[in-house]
Amino acid sequence: MAIPYRNILENIRLAFPQPISDRVHDSYLVHSVMRAMDEVDALKSQRPILGERKPLDYDLARQSVVPEQGMTIEAVTSDLVSYCAGLTIPGHPQTQQNVVPPPTISSLIGVLLASLYNPNLSWDEYSHRLSLAEVEMVAMTAHLLGYDPNSARGFFTFGGTGTTLYGVKTGLEKALPGTMEHGVREEAVIFASDASHYCRYNIAGWLGLGSKRLITIPTDTRNAMDVGVLGEQARSALRSGKRIAAIIATLGTTDAFGLDDIAGIIALRDELVEEFQLSYRPHVHADAVIGWAWSVFNDYDFEANPMGFRPRTIRALAGVRHHIQHVNLADSIGIDFHKPGFVPYISSLVLFRHGEDIKLLQRPQEQMPYLYQFGSHRPGMFTIETSRPGTGILAALANMKLFGKQGLQVIIGHIVEMTQLLREHLEGHACTTVLNRDNFGTVTVFRAYPPGVDTFRIKEKELHESLHREQLLAHNEYNRQVFHYVHEEAMAGRGAVLSLTDCYRHTDYGEPIVALKSFILSPFVDEEIIEVIVKKVLEAREEIEG
Ligand SMILES: *Cc1c(COP(=O)(O)O)cnc(C)c1O
């Protein structure tokens, strides 16, 4: 049956927000969002998961084709909501799985607004005041982290991985000028710790350096880079004629919140420049995608402690400040607002201490004839992206204004306080031991042991003495069993969803240490759930023994 296309077009037009003010239609838009919220709400229970988690049929999914005829907005909404079933709820107090934050209402509105009119951040001609928002965010963050906002510059990019890519690429241009045009013609190396993020392999590979040019530096028991070894390795590389593309310092490693000694690394870098009379200053990039948020405590009065944090919390917060306050010595810094900034993916900012460094990435105007004929703000001349969204920018800006420094202090302080409480509880039992006890973050990595094990000494023994290899491996298996019990209980709404890490660290004799991991990031976490976690671990032991 023939349908004149104009009849269908009418419906299609109704599926768009109206370009000319139409209040009636606006309420239809809002109502459609409400409907989605309602349907998602029907998936909620007390459990930390939406609806049910069912097996995923990828074979069926591969048979999908574009439907011949379209659906109504209402039908599409229901269909979309069905894809949320089985998701863990990151804000749920019982979700302590990984570094995934719940987004705030304001940040969601930021994403919505920055999508409604599709501003393209490549050029202020296409984004206008959103370009201003980006500059404001850069200034605010620079100021927060201790960069001079007059000389620092930056922009948002595609994830923490993107921020490190920018840092290393800039360093590569410094070490081997002209690489952007002529490619990598000499050997250049990257240094990072063995606890740094695995995106380093991608970056080395995609930049054409090769992941074999990555020199991994061991970490100490606090998961911080051994700066002494870095010095030896850097000198050895320089002596053999290699160049240093970048040194990646991590401030807040993903699994264990290790904090590299950024001041020590910078001092070493400056020494190397003198000693080898280098023609360039090796670029130091700080991967602070997680740790940045702690800088809200840079000027907190820990003595007076006006917010009333517990002594253990104060100690942990001050311990992070000790390192994060020097992050401003780095040449560039990576920041993820979609980690401890409580905004949706993707919201990542790379900052450069010296704004001029960005010029190293600039392309000539002739390569982009259809853009940038006018306007004053043209980040697209040096960003790796062509179209660049405003979503991450408005979302981050929303939260900075929503929380203020005080609000961030409250959230970070609270999750640190809850983490310390969890550790206290775990340490209060003879059968559990916290592996990263001296660590200041909100990750707790712990192991449970069967009855009869002296947990006071086992940690050191397993880590250093190969004599205990068999025992370590048996305990690895034991902890997998504990995890499975705790996980199944959590999915049923009893206890918290934790993670299992297959390799918290390697022992001195090269075996992986398996452990349970709690990553607290939800402001909804409170004492009760902490106690339940410990209870569930004890229960798991009984289950295994029984
Ligand atoms: C998460 C993480 C990254 C990668 O960030 P994405 O935003 O996931 O690309 C890099 N470094 C550290 C330390 C991280 O925790």
Side-chain angles (χ1 to χ4, degrees), residues 90 96-101 103 107 111 141 145 154-169 190-207 211 214 216-217 219 222-225 246-262 265 284-295 320 323-324 327 330 332-351 383-385 388-389 391-393 395-396 399 412 415 436 439-443 445 499 501 503-505 517-521:
Q96 300 179 11
Q97 210 165 12
N98 221 325
V99 53
V100 183
S107 69
V111 168
T141 318
L145 297 182
F155 39 85
F156 281 70
T157 186
F158 62 91
T161 303
T163 62
T164 308
L165 176 73
Y166 271 110
V168 176
K169 174 63 185 162
I190 303 171
F191 294 97
S193 87
D194 62 14
S196 71
H197 196 267
Y198 64 80
C199 69
R200 67 186 185 273
Y201 294 106
N202 260 349
I203 289 162
W206 287 67
L207 282 179
S211 53
L214 199 63
T216 301
I217 306 297
T219 46
R222 294 181 170 220
N223 300 296
M225 185 193 287
I247 302 169
I248 303 170
T250 310
L251 284 107
T253 62
T254 318
D255 246 5
F257 207 72
L259 296 155
D260 286 346
D261 172 11
I262 182 80
I265 292 170
V284 177
H285 176 79
D287 178 353
V289 303
I290 299 186
W292 69 270
W294 272 253
S295 59
V320 180
H323 291 288
I324 206 75
V327 76
S332 54
I333 310 176
I335 296 135
D336 273 357
F337 294 102
H338 65 235
K339 281 183 177 167
F342 304 92
V343 312
Y345 293 154
I346 292 286
S347 182
S348 301
L349 170 63
V350 58
L351 285 181
T383 58
I384 188 170
E385 298 99 334
R388 203 160 56 90
T391 48
I393 297 165
N399 276 2
I412 302 294
I415 59 179
N436 63 337
N439 179 271
F440 303 127
T442 70
V443 198
V445 189
S499 306
T501 169
C503 183
Y504 163 63
R505 294 184 65 80
K517 177 173 122 180
S518 145
F519 207 124
I520 297 183
L521 204 56

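Remember, it's 1-based here, ligands and their atoms both numbered in the order they're listed. What you see is a predicted model; the values in this text were computed from it and never measured.
- Looking from atom 11 (N) of ligand 1 to the surrounding protein, the closest heavy atom is Asp287 OD2, 2.6 Å.
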Residues Thr216, Asp194; criterion side-chain hydrogen bond (donor to acceptor under 3.5 Å, both in side chains); working and verdict: CA-CA 6 Å; Thr216 301; Asp194 62 14; over 6 Å; no

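- Using modelled atom types, one finds a donor on one side chain and an acceptor on the other under 3.5 Å when comparing His285 with Ser332.
- The contact set between ligand 1 and Ile290, taken as ligand atoms under 4.0 Å from a residue heavy atom, comprises 15 (O).
- Between Gly160 and ligand 1, at least one N/O pair is under 3.5 Å apart.
- Contact atoms of ligand 1 toward Gly159: 7 (O), 9 (O) (distance under 4.0 Å to a heavy atom of the residue).
- At least one donor-acceptor pair under 3.5 Å links the side chain of Asn436 to the backbone N or O of Val443.
- Although no hydrogens or angles enter the test, the distance criterion places no donor-acceptor pair under 3.5 Å between the side chain of Arg200 and the main chain of Thr164.
- Phe519 and Val99 make their closest contact through CZ-CB, 3.5 Å (heavy atoms, listed as atom of the first residue, atom of the second, distance).
- Ile203 and Thr161 make their closest contact through CD1-O, 3.6 Å (heavy atoms, listed as atom of the first residue, atom of the second, distance).
- Side-chain atoms of Asp287 never come within 3.5 Å of backbone atoms of His197 as a donor-acceptor pair (strictly under, hydrogens ignored).
- Of the heavy atoms in Asp336, only side-chain atoms (C-beta onward) come closer than 4.0 Å to ligand 1.
- Contact analysis leaves Val99 out of contact with ligand 1, as no non-hydrogen atom separation drops below 4.0 angstrom.
- Each of the following atoms of ligand 1 lies closer than 4.0 Å to a heavy atom of Thr254: 12 (C), 13 (C), 14 (C), 15 (O).
- Atoms of ligand 1 found under 4.0 Å from any heavy atom of His338 (numbered from 1 in listed order, with element): 7 (O).
- For a threshold of 3.5 Å applied to N or O pairs, the pair formed by Lys339 and ligand 1 contains at least one separation below that value.
- Of the polar atoms of Thr161, at least one N or O is found under 3.5 Å from an N or O of ligand 1, judged by distance alone.
- Nearest to atom 12 (C) of ligand 1 by heavy atom, out of Ile248, Val100, Leu251, Val289, is Val289.
- Nearest non-hydrogen protein atom to atom 10 (C) of ligand 1 is His197 CG, 3.3 Å.
- Taking a cut-off of under 4.0 Å to the non-hydrogen atoms of Gly252, the atoms of ligand 1 that pass are 13 (C).
- Residues Pro101 and Val343 come closest through the heavy atom pair CG-O, 4.1 Å.
- With values rounded to the nearest 0.5 angstrom, Tyr345 atom OH is found 14.0 Å from Thr391 atom OG1.
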